Amino acid sequence: MKHAIRKSLLALAAGTALSAHAAPTLIESVQGYTLKNDQVASFTGLVFDQGKVLATGDAAALRAQYPEARRIDGQGKTLLPGLIDAHGHVFRLGFKTTEISLSGTRDLAQAQGMIRAYGDKNPQRKWLLGYGWNQVNWKLGRFPTAAELDAAVSDRPVRLVRVDGHAAWLNTKAMQAAGITRDTKDPAGGRIERDANGNPTGVLVDKAMALVNNVIPPYSDDDRRAALAAALAHMNALGLTGAGDAGVTAQEDRIYREFADQGKLTTRIYGMIRDTGDDFKALSAKGPLSGYGNDRYYLRAVKLYGDGALGSRGAALMAPYSDDHVHSGLLFMSDAAMQASVKMAIKAGYQVNVHAIGDATNHQVLDAIEVAYKEVGGRELRNRIEHAQVVALPDIPRFKQLDLIASMQPTHATSDMNMAEDRIGKERIKGAYAWQTMLKQGTVIAGGSDFPVESANPFYGLHAAVTRTDHEGRPIKGWHPEEAMTLTQAFRAFTLDAAYAEHQEKTLGSLEPGKWADFILVDQDLFKVAPAEIWKTRVTQTWVAGERVYAQGEKQ
């Protein structure tokens, strides 16, 4: 009797739950595209329920199949799976909404004017921070100096990070605050730029930046919350439903979990713990984290740092720079230290993702991973080389032999094309930004931007991948066009292969039944417009798990 009553109560409860559950949703009148069986499949309707895809196909047939579905008019827009940026810096993106931006400045004088204006408008700020300068675009033929920054602001410390994040420009007050003098030695993996007399000129390269970073007042948790909220809103508006955060600290991890708990993580985050130091020891105590907050947050990778960047000549090369025969760049770690870090992360069960720009660094990382596989295993972890920017030709096949993912950022090529060949010469350029070479040998490319080093707009990345030109169509046939991707390859790099690189291809990256209903509506048909027009694509709506998180024109 008791069993029968309990069974009846359970049935009643189930019926109540079913009656309270909303009907599925059908979005129709769209031109939809998704990857299916390695091909691009089109559809005019998408049905989802409880945050997951039920079906795609002909809208009229779906209306008949799901007569109870709530219907949304897509107004003829193009519907795509939510795009995933496999490599960015989320908190840095948010913080930069309040800092000086020198991106796009044409010359030193314009930059000085912007810095001066920012200082005048922000008298309360004890330090002035900013980013985005590029001495190549300014045609200086050298780094800027502290004296030139003093000409803009001299009453407070100023630190401005180069566009690639691998050099800092300081004024005299900032150098004084950091205690940088003629007697200060270059730290391992870093360089203080000096004049002919050995005096510091105001630029710190790579690990030398720590000299000033260590004296800048730290961010508070409230600062981090504001930065994350700003970054999420920005990514939502650009159609990014997922992002890999390349270098998560313990403080940032805490804020991510808080946002996930509160239902505020409107872009899925794939976190990579920053290095194998104290943060790794604390965060890895309970092992890799997957699927936190209903698949909104993962922390199952480690980000290691091998060298600097090409623009600041910090990328480590096997031979000196073609335009500076004195320097070969800077390896951040010895071979033994790199091998130890790789093995430590793999032994703890974490995917290893290593920043490697120069050919010497890529070679060092390939060797370290090969040693790790022999000694501790870890091939199944889908380890990655981040950037894989300049690779010696004999090393390219090793990516496939070691089952490595090449996490590459297409806009790096179109940003670097004005100086890359000058830096490395005609022979080494053959293994640089070599997307098609990687793809032809079967290497998976995870597409990204490295935001805020580059714009977080994924359509800029898709455009660069396919055309290898700037937004004005230069050079006319593309820069080394033999390495351009097809549109399908580029689309895959920012969807299914980015999801694969994050161990999430079974739940993300395409609009197939059972996967999360992460999708976007855009204002032009990506597969019909001229390739030169791809970068102009604008997002009108962004949906994550069947919930709209952005609509063009609406206050978010």
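As the structure is a prediction and not an experimental result, all values here were calculated from the model.
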>> Would you say that more than 12 heavy atoms from the other residues, nucleotides or ligands in this model lie under 6.0 Å from the NZ of Lys173, or not?
In response: no
> With a 3.5 Å cut-off and no angle check, do the side chains of Thr249 and Asp279 form a donor-acceptor pair?
Replying inline: no
>> Run the side chain to side chain contact (heavy atoms under 4.5 Å, CB included) test on Phe494 and Leu462 for me, step by step, so that the C-alpha distance in whole Å, both residues' side-chain angles and the decisive distance to 0.1 Å come before the verdict.
In response: CA-CA 8 Å; Phe494 281 89; Leu462 289 165; 3.7 Å; yes
> Does the side chain of Leu80 reach to within under 4.5 Å of the side chain of Phe491, using non-hydrogen atoms?
Replying inline: yes
> Where does the angle between the aromatic ring planes of His89 and His87 fall among parallel (under 30°), tilted (30 to 60°) and perpendicular (over 60°)?
Replying inline: perpendicular
> Could you go step by step and tell me if Leu102 and Ile115 meet the side chain to side chain contact (heavy atoms under 4.5 Å, CB included) rule?
Replying inline: CA-CA 8 Å; Leu102 300 179; Ile115 297 161; 4.0 Å; yes
>> I'd like to check Phe459 versus Val522 (side-chain heavy atoms, cut-off strictly below 4.5 Å). Are they in contact?
In response: yes
> When rounded to the nearest 0.5 angstrom, what distance separates CD1 in Ile429 from CZ in Arg423?
Replying inline: 11.5 Å
>> Between Arg225 and Glu258 (salt bridge meaning N to carboxylate O under 4.0 Å), is one present in this structure?
In response: yes
>> Can you tell me if Arg106 has over 12 outside heavy atoms packed within less than 6.0 Å of its CZ?
In response: no
> Which is it for Gln351 and Tyr270 under the side-chain hydrogen bond (donor to acceptor under 3.5 Å, both in side chains) test, yes or no, and what are the steps along the way?
Replying inline: CA-CA 11 Å; Gln351 177 193 57; Tyr270 183 78; 2.8 Å; yes
>> Could you go through Thr414 and Thr469, starting from their C-alpha distance and side-chain angles, then the distance that decides it, and tell me whether this counts as side chain to side chain contact (heavy atoms under 4.5 Å, CB included)?
In response: CA-CA 6 Å; Thr414 51; Thr469 70; 5.7 Å; no
> Are any side-chain N or O atoms of Asp120 and backbone N or O atoms of Ala117, one a donor and one an acceptor, separated by less than 3.5 Å?
Replying inline: no
>> Treating Gln409 as the side-chain partner and Gly447 as the backbone partner, does any N or O pair qualify as donor plus acceptor under 3.5 Å?
In response: no
> In this structure, which one of Asn236, Leu240, Thr542 forms a side chain to side chain contact (heavy atoms under 4.5 Å, CB included) with Ile520?
Replying inline: Thr542
> What do the steps show when you test Asp323 against Arg313 for salt bridge (charged side-chain N to carboxylate O under 4.0 Å, His left out), and what is the final call?
Replying inline: CA-CA 10 Å; Asp323 60 356; Arg313 296 190 185 88; 3.2 Å; yes
>> Leu83 vs Met235, test: side chain to side chain contact (heavy atoms under 4.5 Å, CB included). Steps then yes/no.
In response: CA-CA 10 Å; Leu83 299 176; Met235 291 189 290; over 6 Å; no
> Would you find a donor on one side and an acceptor on the other, under 3.5 Å apart, between the side chain of Asp195 and the backbone of Thr201?
Replying inline: no
> Looking only at heavy atoms, what is the nearest atom pair of Ala446 and Ala86, with distance?
Replying inline: CB-CB, 3.7 Å
> Per the side chain to side chain contact (heavy atoms under 4.5 Å, CB included) rule, which among Asp416, Asn362, Ile424 passes with Gln389?
Replying inline: Asp416
> Are the side chain of Gln262 and the backbone of Phe259 linked by a donor-acceptor contact shorter than 3.5 Å?
Replying inline: no
> Without hydrogens or angle criteria, can the side chains of Trp138 and Thr105 be said to hold a donor-acceptor pair below 3.5 Å?
Replying inline: yes
> Does the distance from a Lys or Arg side-chain N to an Asp or Glu carboxylate O, for Lys303 and Asp245, drop under 4.0 Å?
Replying inline: no
>> In terms of relative ring orientation, are Trp535 and Tyr460 parallel, tilted or perpendicular, with 30° and 60° separating the classes?
In response: perpendicular
>> Regarding Tyr297 and Asp253, do their side chains bring together a donor and an acceptor under 3.5 Å, going by distance alone?
In response: yes
> Going through the distances and angles, do Asp222 and Tyr219 end up as a side-chain hydrogen bond (donor to acceptor under 3.5 Å, both in side chains)?
Replying inline: CA-CA 8 Å; Asp222 282 343; Tyr219 294 118; over 6 Å; no
>> So which atom in Met408 and which in Ala388 form the shortest heavy-atom distance, rounded to 0.1 Å?
In response: CE-O, 3.5 Å
> Does the Thr540 side chain pair with the main chain of Leu521, one donor and one acceptor, at a distance under 3.5 Å?
Replying inline: yes
>> What I want to check is whether the side chains of Asn418 and Asn137 have a donor and an acceptor closer together than 3.5 Å.
In response: yes
> Does the Asp85 side chain pair with the main chain of Ala243, one donor and one acceptor, at a distance under 3.5 Å?
Replying inline: no
>> Can a donor-acceptor pair be found, under 3.5 Å and without considering hydrogens, that links the side chain of Ser415 to the backbone of His412?
In response: no
> Taking Asp470 for the side chain and Glu472 for the main chain, is one N or O donor matched with an acceptor at less than 3.5 Å?
Replying inline: yes
>> Taking salt bridge (Lys or Arg N to Asp or Glu O under 4.0 Å) as the criterion, tell me which of Arg296, Arg268, Arg548 meets it with Asp518.
In response: Arg268
> What closest approach, in Å, do Ala360 and Leu317 show between heavy atoms, and which atom pair accounts for it?
Replying inline: CB-C, 3.5 Å
>> Looking at every non-hydrogen atom in both residues, tell me the closest pair between Ala146 and Trp169 and how far apart they are.
In response: N-NE1, 4.1 Å
>> Does Asp278, at its CG atom, have more than 12 non-hydrogen atoms belonging to other residues, nucleotides or ligands within less than 6.0 Å?
In response: no
>> Assess the residue pair Arg159 and Asn213 against the criterion (side-chain hydrogen bond (donor to acceptor under 3.5 Å, both in side chains)); give the C-alpha distance rounded to whole Å, side-chain angles, the decisive distance to 0.1 Å, and a yes or no.
In response: CA-CA 9 Å; Arg159 184 215 62 184; Asn213 293 346; 2.9 Å; yes
> Is the side chain of Gln364 donor-acceptor paired with the backbone N or O of Met333 at a distance under 3.5 Å, no angle test?
Replying inline: yes
Indicate every side-chain donor-acceptor pair of residues 283-293 with a distance under 3.5 Å to a residue at least two apart or in another chain.
unit_1, atom_1, unit_2, atom_2, d
Ser284, OG, Phe280, O, 2.5
Tyr292, OH, Asp261, OD1, 2.6
Tyr292, OH, Asp261, OD2, 3.1

> More than 12 non-hydrogen atoms from neighbouring residues, nucleotides or ligands closer than 6.0 Å to CD on Glu547, yes or no?
Replying inline: no
>> Tell me if the aromatic rings of Trp479 and Tyr433 count as close, with their centers under 6.0 Å from one another.
In response: yes
> Is Glu148 paired with Arg142 through a side-chain N to carboxylate O contact shorter than 4.0 Å?
Replying inline: yes
>> Has Thr361 got a side-chain atom pairing as donor or acceptor with Ile357's backbone, closer than 3.5 angstrom?
In response: no
> Would the Tyr305 and Phe332 ring centres measure less than 6.0 Å apart?
Replying inline: no
>> I'd like to know if Arg384 pairs up with Glu386 as an ion pair, taking the criterion as any Lys NZ or Arg NE/NH1/NH2 lying under 4.0 Å from an Asp or Glu carboxylate oxygen.
In response: yes
>> Tell me if the centroids of the rings in Phe95 and Tyr131 come within less than 6.0 Å of each other.
In response: no
> Under the salt bridge (charged side-chain N to carboxylate O under 4.0 Å, His left out) criterion, do Glu99 and Lys96 qualify, and how do the steps go?
Replying inline: CA-CA 5 Å; Glu99 295 180 353; Lys96 288 187 174 180; 5.7 Å; no
> Would Glu193 and Arg162 count as a salt bridge (charged side-chain N to carboxylate O under 4.0 Å, His left out) if you check the C-alpha gap in whole Å, the side-chain angles of each, and the deciding distance to 0.1 Å?
Replying inline: CA-CA 14 Å; Glu193 289 292 315; Arg162 193 181 185 278; over 6 Å; no
> Would Arg92 and Asp450 count as a salt bridge (charged side-chain N to carboxylate O under 4.0 Å, His left out) if you check the C-alpha gap in whole Å, the side-chain angles of each, and the deciding distance to 0.1 Å?
Replying inline: CA-CA 11 Å; Arg92 277 174 52 193; Asp450 200 15; 5.8 Å; no
